[in-house]
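Step one of this worksheet: look at the structure below.
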Amino acid sequence: MIYEYKVVPAPKRAEKVKGLKTTEDRYAHALQELMNQQGRDGWEYQRAETLPVEERSGFRSKGLVEQHMLVFRREKKAVDAVATPSHTAVPAQPVLTSTPKPPAPTEPTVAAQ
């Protein structure tokens, strides 16, 4: 099987939802909504990754921050999944099955007198 992958940032904050009081519950709901939306689009959740990313922290300085990413995958469609061969066969040169025609006779030239 051939897969394609999608990486999206994890939610940074918990949204307010009626009936959910704790930050953990609200964050879980936000994460659940994001994952369900990806699932409706055919994406299967694989894992969460925390990766370092360099970003500006001032006018001239840079610093490392961590980004939390969610990795999804889905099977590529049959049309997209056709793998191109690593080598292409060169077609053989056509074989001549008839002999070439002799050149057409030229008209005799008559010398001017």
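Just the heavy atoms: all of them, side chains too, but no hydrogens, waters or symmetry mates, feed the values below.
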Please say yes or no: joined through hydrophobic side-chain contacts below 4.5 Å, possibly via intermediate residues, are [X] and [Y] part of one cluster?
X     : Y     : result
Val8  : Tyr45 : yes
Leu31 : Phe72 : yes
Tyr27 : Leu70 : yes
Leu51 : Val7  : yes

Among Glu44, Glu4, Met1, side-chain contact (heavy atoms from CB on, under 4.5 Å) partner for Glu75: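 With Glu75 as partner, side-chain contact (heavy atoms from CB on, under 4.5 Å) holds for just one option, Met1.
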Identified side-chain contact (heavy atoms from CB on, under 4.5 Å) counterpart of Tyr3 within the set Lys76, Arg74, Gln46, Arg73: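 By the side-chain contact (heavy atoms from CB on, under 4.5 Å) criterion, Tyr3 pairs with just one of Lys76, Arg74, Gln46, Arg73: Arg73.
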Side chains of Val71 and Glu49 in contact at under 4.5 Å (non-hydrogen atoms):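 Yes, close enough: below the 4.5 Å cut-off.
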Leu34 vs Pro11 side-chain heavy atoms within contact, under 4.5 Å: yes
Exceeds 12 heavy-atom contacts within 6.0 angstrom, atom CD of Gln32: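 Buried by this count: over 12 neighbours within 6.0 Å.
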Ion pair check, Glu24 and Arg26, cut-off under 4.0 Å: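 Looking at Glu24 and Arg26, the cut-off is not met.
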Nearest-0.5 Å distance that lies between atom NZ in Lys21 and atom CG in Asp25: 10.5 Å
Residue pair Gln67 / Lys12, side-chain donor-acceptor N/O under 3.5 Å: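 Yes, side-chain donor-acceptor contact under 3.5 Å.
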Nearest atoms (heavy-atom pairs only) where Ala30 meets Arg13: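 Result for this residue pair: CB-O, 4.3 Å.
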Residue pair Ser57 / Gly63: nearest heavy atoms and the distance that separates them: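 Smallest heavy-atom distance, with atoms named: OG-N, 3.9 Å.
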